[in-house]
**Student:** 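Take a look at the following structure, please.
All values derive from a computational prediction rather than experimental measurement.
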Number of protein chains: 2
Amino acid sequence: MARVEQVNQKRRGRRAAGEDTRAALVAAAREVFVEKGYDGATVRAIAAKAGVDAAMVNHWFGGKEGLFAQSVLQLPFDPAEVLKRLLDGPLEQAGERIIRTFVTVWDATGGGTFAALIRSVTSQPEVAGALKQFLVNAIFRNVLAQIGVEQRELRATLCATQMVGLGIVRYVVRFEPLASADVETVVKAIAPNLQRYLTGELG
Amino acid sequence: MARVEQVNQKRRGRRAAGEDTRAALVAAAREVFVEKGYDGATVRAIAAKAGVDAAMVNHWFGGKEGLFAQSVLQLPFDPAEVLKRLLDGPLEQAGERIIRTFVTVWDATGGGTFAALIRSVTSQPEVAGALKQFLVNAIFRNVLAQIGVEQRELRATLCATQMVGLGIVRYVVRFEPLASADVETVVKAIAPNLQRYLTGELG
DNA sequence: GTCTATACAACGATAGAC
DNA sequence: GTCTATCGTTGTATAGAC
């Protein structure tokens, strides 16, 4: 009896070799995220468009967040993992950890990836909107919850100014001597400023 | 004798109405600056391409610097004038003056102009190169000469990270609450960080 | 007649050739 | 080290618009 009912349903188990589920998800995600924004896009809708099961998003990308990072942003790392590392340690050294991680991660890609990201964000308003939702709901929310200070939203945007500016100057326009400075020089120079945005006095 | 030799020269005095010398210079400048860079482009070459005298650059734009600002960058203000205002006052308050002026000037344009500037810089490597030369040779050189501290080049690029980042977050991606914050809030929040880059301890 | 956009000459600075 | 070429800029006389 059970066998008969399966006739018109999808086959279970592994798909045939050559069907690239991962690539199909990335392609579908790019379209849906850009069209609906990060919040408006649902994992189920993306999976349906890709013709695969929604569980595949978790399997391949660790969740909606990871899929967004690798499809629209094309980040060369997993933001959830990086975030975990950043939040692990004393708050007074968070600025230092963030800058060191940021520079290390993007340096490893040669910087061209960051430039591409900025280009797509500045040229496509929809991507900028999706990125904003992503940052607010998937990143800032987690970070800010661990910071027991006032004006958390303002602090988050201030941190964003410093990180984005650092990325542009070091990777896109490549102003010297910052573009070629070693990681520790950058950390020493910038981390205290980021730390002030995180936990310092803003008034 | 002298009169005879003038026969094959251009007529002096005002040209016929309808010939827009200013626009001709802007058009020629855009091409030459982008092709040769800020340093490589000569006022004389631009003027020749526009079919006018080189002195017209000074008359209409106050110099090579102003012509670049209004042709390639399309800035809504005169950088030389703004620069003069920034350098006028105690060094300990320079960070505050710079942030206040920056926000005031770009707020007045609605921010779209800044976004357009970033877009052209990030999408055209030649523009980025020309901008770099312009900043180094026409802006930083003057500012840094007045700052009696060590590591001036590094400080200049650090300042650039903060200014560029502020512009992107406030005018391009418009993260709240920073995008809608009033000028004084922004000044109080960011000026101390810029001041550290200018005159503080970097180690 | 007045105003100003214009062309030309010349100056000080700078960089490269020899 | 000197000479030369070229740069950005400034001063000035003039032609045309108003």
**Student:** How many whole angstroms separate atom CG of B:Leu25 from atom P of D:dT9?
**Tutor:** 13 Å
**Student:** Over how many whole Å does the gap from B:Asp53 atom CG to D:dG8 atom P extend?
**Tutor:** 13 Å
**Student:** Just checking B:Ala47: base, sugar-phosphate only, or nothing, at a heavy-atom cut-off of under 4.0 Å?
**Tutor:** nothing
**Student:** For B:Thr157 and B:Glu153, test the side chains for any donor-to-acceptor distance below 3.5 angstrom and give the result as yes or no.
**Tutor:** no
**Student:** Considering only heavy atoms, which members of residues 128-139 of chain B lie under 4.0 Å from some atom of DNA chain D?
**Tutor:** none
**Student:** Among the candidates C:dA7, D:dG8, D:dT10, find the nucleotide nearest to the side-chain atoms of B:Arg44.
**Tutor:** D:dG8
**Student:** Are more than 12 heavy atoms from other residues, nucleotides or ligands located less than 6.0 Å from atom NZ of A:Lys36?
**Tutor:** no
**Student:** Of all the choices, D:dT9, D:dG11, C:dA5, which nucleotide is nearest to the side chain of B:Trp60 once you look at every atom?
**Tutor:** C:dA5
**Student:** Is the distance from OP1 or OP2 of D:dT6 to the nearest side-chain N or O of B:Thr42 less than 4.0 Å?
**Tutor:** no
**Student:** Which whole-number value in Å describes the distance from B:Lys64 NZ to C:dT14 P?
**Tutor:** 14 Å
**Student:** With sequence neighbours left out, which residue pairs that include part of residues 102-113 of chain B fulfil the salt bridge (Lys or Arg N to Asp or Glu O under 4.0 Å) condition?
**Tutor:** B:Asp107-B:Arg170
**Student:** Starting at CE of B:Met56 and ending at C1' of D:dT9, how long is that distance when rounded to a whole Å?
**Tutor:** 12 Å
**Student:** Where the side chain of B:Val43 is concerned, which of C:dA7, D:dG8, C:dT6 is the nearest nucleotide?
**Tutor:** D:dG8
**Student:** Just the rounded figure in Å: distance from P of D:dT9 to CG of B:Asn58.
**Tutor:** 6 Å
**Student:** Atom NE2 of B:His59 and atom P of D:dA15: how far apart are they, to the nearest Å?
**Tutor:** 18 Å
**Student:** When the distance from CG of B:Asp39 to P of C:dA13 is rounded to whole Å, what number comes out?
**Tutor:** 20 Å
**Student:** For residues 37-45 of chain B, run the donor-acceptor check on the side chains, cut-off 3.5 Å, and write out each pair with its distance to 0.1 Å, sequence neighbours left out.
**Tutor:**
residue, atom, partner, partner atom, Å
B:Asp39, OD1, B:Asn137, ND2, 2.8
B:Asp39, OD2, B:Asn137, ND2, 2.9
B:Thr42, OG1, B:Ala45, N, 3.0

**Student:** What's the spacing between B:Leu198 CG and B:Glu92 CD if we round to 0.5 Å?
**Tutor:** 11.0 Å
**Student:** Between the side chain of B:Ser71 and the main-chain N/O of B:Leu67, is any donor-acceptor distance below 3.5 Å?
**Tutor:** yes
**Student:** Return the CG to NZ distance between A:Asp182 and A:Lys188, rounded to the nearest 0.5 Å.
**Tutor:** 8.0 Å
**Student:** Check the distance between D:dG8's C1' and B:Ile46's CD1 and give it to me in whole angstrom.
**Tutor:** 11 Å
